[in-house]
Novice: 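Dropping a structure here in structure tokens format, bear with me for questions.
The first residue in the sequence is number 1, and the count goes up from there.
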Amino acid sequence: MKKILLLLSLSITSLVFSQQIELRDKKFYIDGEHIYKHKITETLAANPEALQLYKKSKRKESIGGLLFGAGAGLIIGDVVKGLVSDVDYPSGFTYVGTGLIAVSIPILSGRTKILNKSIDTYNDSVKGNSPTLGYNFDLKVITNQNGIGFNMTF
């Protein structure tokens with residue numbers, strides 16, 4: 001029974017087509033269909049290196065955006081404060097805001113390169129767009145926080 005079940009699962013999974021990710025207009029597409037960000041993380045989970053690069057890109061985007069927004073908020077707040085009161089305009093808030101914006105620019109600059117590298121890494125790990133018929137497969141033992149398991153790729 002186990003052999004029949006194994007042969008059946010191998011024959012079914014051997015007909016699976018590889019899915020390559022495309023990045024167009026800052027949107028992700030798989031086989032011409034728009035895929036949302038939570039599905040991309042599920043898709044990239046098959047390749048841990050690509051998933052790690054994707055998460056690094058999103059982390060850089062979040063941190064850089066937060067610093068840029070905080071800096072812009074401090075500068076705008078100081079400008080408004082200078083317009084409505086008799087306080088000298090360029091106070092410490094403007095300088096701190098300018099510093100935050102200056103720090104955010106290098107952080108934000110590398111995120112698209114890392115994102116593209118993540119997508120390229122995943123696409124390189126996918127072996128073509130044709131069915132493999134069970135001849136080209138890879139079996140690995142993987143471990144994570146959930147336990148030990150097998151990773152079979154076709």
Side-chain angles (χ1 to χ4, degrees), residues 9 13-132 136-154:
S9 66
T13 56
S14 67
L15 297 175
V16 174
F17 289 93
S18 301
Q19 299 177 347
Q20 291 196 353
I21 300 172
E22 294 179 47
L23 186 62
R24 288 184 273 151
D25 300 329
K26 297 183 181 181
K27 294 180 183 177
F28 299 101
Y29 293 93
I30 295 178
D31 296 331
E33 186 177 330
H34 180 260
I35 303 297
Y36 294 101
K37 290 181 182 179
H38 67 279
K39 283 290 197 181
I40 289 298
T41 56
E42 292 174 8
T43 305
L44 291 177
N47 187 339
E49 182 183 355
L51 181 63
Q52 181 183 10
L53 288 170
Y54 177 78
K55 286 182 177 180
K56 183 177 179 180
S57 168
K58 292 301 169 186
R59 193 176 324 118
K60 284 179 72 97
E61 183 177 355
S62 298
I63 292 171
L66 178 69
L67 291 174
F68 189 84
L74 286 173
I75 291 172
I76 291 171
D78 196 31
V79 167
V80 169
K81 180 181 167 189
L83 290 175
V84 297
S85 66
D86 292 335
V87 180
D88 291 337
Y89 161 60
S91 69
F93 291 117
T94 299
Y95 299 121
V96 171
T98 305
L100 288 176
I101 289 175
V103 168
S104 72
I105 291 171
I107 293 173
L108 287 172
S109 66
R111 65 186 164 88
T112 55
K113 184 177 179 181
I114 294 173
L115 180 65
N116 290 334
K117 185 175 179 183
S118 168
I119 300 299
D120 291 340
T121 303
Y122 174 78
N123 287 340
D124 289 342
S125 71
V126 176
K127 296 179 179 116
N129 285 330
S130 61
T132 60
N136 300 327
F137 70 92
D138 187 25
L139 181 65
K140 295 179 185 175
V141 177
I142 57 171
T143 60
N144 60 15
Q145 69 271 13
N146 296 330
I148 300 173
F150 291 104
N151 179 15
M152 188 180 309
T153 55
F154 293 90

Novice: For Asp88, look at atom CG and say whether over 12 heavy atoms of other residues, nucleotides or ligands are found less than 6.0 Å away.
Specialist: no

Novice: Could you tell me whether the side chain of Asp78 and the main chain of Leu74 form a donor-acceptor pair under 3.5 Å?
Specialist: no

Novice: Is there a side-chain contact between Lys55 and Leu51 in this structure, where contact means two heavy atoms from C-beta onward sitting under 4.5 Å apart?
Specialist: yes

Novice: How far does OG of Ser62 sit from CG of Leu67, to the nearest 0.5 angstrom?
Specialist: 11.0 Å

Novice: Looking at Ile114 and Lys56, what are the two nearest heavy atoms and their distance?
Specialist: CD1-CE, 4.0 Å

Novice: Working to the nearest 0.5 Å, report the span between OG of Ser118 and CD1 of Ile40.
Specialist: 9.0 Å

Novice: Indicate the atoms forming the closest heavy-atom contact of Tyr29 with Lys27, along with that distance.
Specialist: CD1-O, 3.7 Å

Novice: Taking all non-hydrogen atoms of both residues, which atom of Ala70 and which atom of Leu100 are closest, and how far apart?
Specialist: CB-CD1, 4.0 Å

Novice: Atom NE2 in His34, atom CZ in Phe28: separation rounded to 0.5 Å?
Specialist: 9.0 Å

Novice: Could you grab the distance from atom CG of Leu83 to atom OH of Tyr89, nearest 0.5 Å is fine?
Specialist: 8.5 Å

Novice: Kindly compute the distance separating CG (Asp120) from CD (Gln20), expressed to the nearest 0.5 Å.
Specialist: 10.0 Å

Novice: If you draw a 6.0 Å radius around CD in Glu33, do more than 12 non-hydrogen atoms from other residues or ligands fall strictly inside?
Specialist: no

Novice: Can you tell me if CZ on Phe68 sees more than 12 non-hydrogen neighbours from other groups inside 6.0 Å?
Specialist: no

Novice: Donor-acceptor check, side chain of Thr98 to backbone of Thr94, threshold 3.5 angstrom: yes or no?
Specialist: yes

Novice: Other residues, nucleotides and ligands only: do more than 12 of their heavy atoms fall within 6.0 Å of NZ on Lys58?
Specialist: yes

Novice: Got Phe150 and Val141 here, is their nearest side-chain heavy-atom distance under 4.5 Å?
Specialist: yes

Novice: Indicate yes or no: at least one non-hydrogen side-chain atom of Ile21 is less than 4.5 angstrom from one of Leu44.
Specialist: yes

Novice: First locate atom CG of Leu115, then atom NZ of Lys60, and finally report the distance between them rounded to the nearest 0.5 Å.
Specialist: 12.0 Å

Novice: Looking at every heavy atom in both Thr121 and Lys117, which two are closest together, and how far apart are they?
Specialist: OG1-O, 2.7 Å

Novice: Where do Pro106 and Ser109 come nearest, in terms of heavy atoms and distance?
Specialist: O-OG, 2.9 Å

Novice: Going through the checks in order, is the side-chain contact (heavy atoms from CB on, under 4.5 Å) test met by Ile75 and Phe93?
Specialist: CA-CA 6 Å; Ile75 291 172; Phe93 291 117; over 6 Å; no

Novice: Is there a side-chain contact between Tyr54 and Glu49 (heavy atoms, below 4.5 Å)?
Specialist: no

Novice: Output yes when a side-chain donor or acceptor of Ser85 lies under 3.5 Å from a complementary backbone atom of Gly82, and no otherwise.
Specialist: no

Novice: Stepwise, does the side-chain contact (heavy atoms from CB on, under 4.5 Å) test hold for Asn116 with Leu23?
Specialist: CA-CA 8 Å; Asn116 290 334; Leu23 186 62; 3.2 Å; yes

